[in-house]
A.B. asks: 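Questions regarding the structure given below will be posed in turn.
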Amino acid sequence: MAYEPSYVEQIRYKRLQDAAYQAGLDAATNLQAALALAGMVLPSLANDGPVGARGFVRLGGCSVAVANQLAEVIAAGAQALQEQGV
């Protein structure tokens with residue numbers, strides 16, 4: 001016999017899913033804004049909805065040039081943080 005969650009469990013799971021969806025949406029928006037500051041766009045960057053009650057962001061594909069530029073920006077940011085002692 002299959003387990004059927006109670007109404008309370010269903011509501012809790014729905015709330016977790018809703019929070020995860022919003023977290024994914026926020027993360028995708030934040031990353032899109034950060035990339036825009038660097039003059040970059042990942043065309044298929046999107047909130048992919050919750051996966052296992054956790055937010056999930058789909059980064060998708062990009063050109064080699066964008067991937068290399070992204071690597072440079074991340075490396076420069078990481079180096080700046082190291083220099084600040086963060």
Side-chain angles (χ1 to χ4, degrees):
M1 177 177 249
Y3 172 77
E4 293 201 25
S6 70
Y7 179 73
V8 171
E9 289 172 321
Q10 290 175 16
I11 295 298
R12 285 184 186 146
Y13 185 73
K14 170 102 172 70
R15 288 182 182 156
L16 285 172
Q17 290 289 87
D18 289 347
Y21 179 86
Q22 187 61 50
L25 187 60
D26 292 345
T29 300
N30 290 340
L31 182 54
Q32 191 172 36
L35 288 168
L37 287 173
M40 297 169 46
V41 174
L42 290 178
S44 46
L45 172 67
N47 178 19
D48 205 21
V51 174
R54 293 190 174 177
F56 192 79
V57 176
R58 181 169 304 277
L59 299 177
C62 65
S63 69
V64 170
V66 170
N68 286 327
Q69 187 180 9
L70 182 57
E72 288 175 18
V73 168
I74 291 171
Q79 185 176 7
L81 287 173
Q82 287 177 347
E83 290 170 1
Q84 292 175 4
V86 175

A.B. asks: Taking all non-hydrogen atoms of both residues into account, name the closest pair between G61 and S44 and its distance.
C.D. replies: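 Looking at all heavy atoms of both residues, the shortest contact is N-OG, 3.3 Å.
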A.B. asks: Show me, pair by pair, the donor-acceptor contacts under 3.5 angstrom made by side chains of residues 79-86, not counting sequence neighbours?
C.D. replies:
from	atom 1	to	atom 2	distance (Å)
Q79	NE2	E83	OE2	3.4

A.B. asks: Find the distance between CD1 (I74) and CD (Q69) and round it off to the nearest 0.5 Å.
C.D. replies: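 Spacing of CD1 (I74) from CD (Q69) equals 11.0 Å.
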A.B. asks: Less than 4.5 Å apart, any side-chain heavy atom of R12 and any of Y7?
C.D. replies: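 No, too far: nothing below the 4.5 Å cut-off.
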A.B. asks: For C62 and A67, work out which heavy atoms get closest and say how close.
C.D. replies: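 That closest heavy-atom pairing would be SG-N, 3.8 Å.
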A.B. asks: Are the side chains of L35 and V73 in contact, using a 4.5 Å heavy-atom criterion?
C.D. replies: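 Heavy-atom side-chain distance check fails, nothing below 4.5 Å.
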A.B. asks: Would a distance-only check, ignoring hydrogens and angles, find a side-chain to backbone donor-acceptor pair under 3.5 Å from Q10 to P5?
C.D. replies: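 Here the side-chain-to-backbone pair exists.
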A.B. asks: State, with a plain yes or no, whether a side-chain heavy atom of L59 is found less than 4.5 Å away from one of V57.
C.D. replies: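 They are in contact (side-chain heavy atoms under 4.5 Å apart), so the answer is yes.
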A.B. asks: Hey, does L70 have a side-chain heavy atom less than 4.5 Å from the side chain of M40?
C.D. replies: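 Yes. Closest side-chain heavy atoms under 4.5 Å.
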A.B. asks: Locate the shortest heavy-atom distance separating Y13 from A53; write the atom from each residue and the value.
C.D. replies: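 Shortest heavy-atom separation between Y13 and A53 comes out as CE1-CB, 4.3 Å.
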A.B. asks: Determine whether L16 and F56 fall in the same hydrophobic cluster, where Ile, Leu, Val, Met, Phe, Trp and Tyr are linked whenever their side-chain heavy atoms lie under 4.5 Å apart.
C.D. replies: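 The answer is no; the residues belong to distinct hydrophobic clusters.
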A.B. asks: Grab the two heavy atoms, one from R54 and one from A20, that are nearest each other, plus how far apart they are.
C.D. replies: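 Looking at all heavy atoms of both residues, the shortest contact is C-CB, 3.5 Å.
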A.B. asks: With a 4.5 Å heavy-atom cut-off, do L45 and L31 have their side chains touching?
C.D. replies: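 They are in side-chain contact.
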A.B. asks: Answer yes if the side chains of D26 and Q22 hold a donor-acceptor pair under 3.5 Å, and no otherwise.
C.D. replies: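 Per modelled atom types, D26 and Q22 side chains form a pair under 3.5 Å.
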A.B. asks: For G49 and Y21, which heavy atoms make the closest approach, and how far apart are they?
C.D. replies: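 Scanning both residues completely, I find the closest heavy atoms to be CA-CD1, 3.9 Å.
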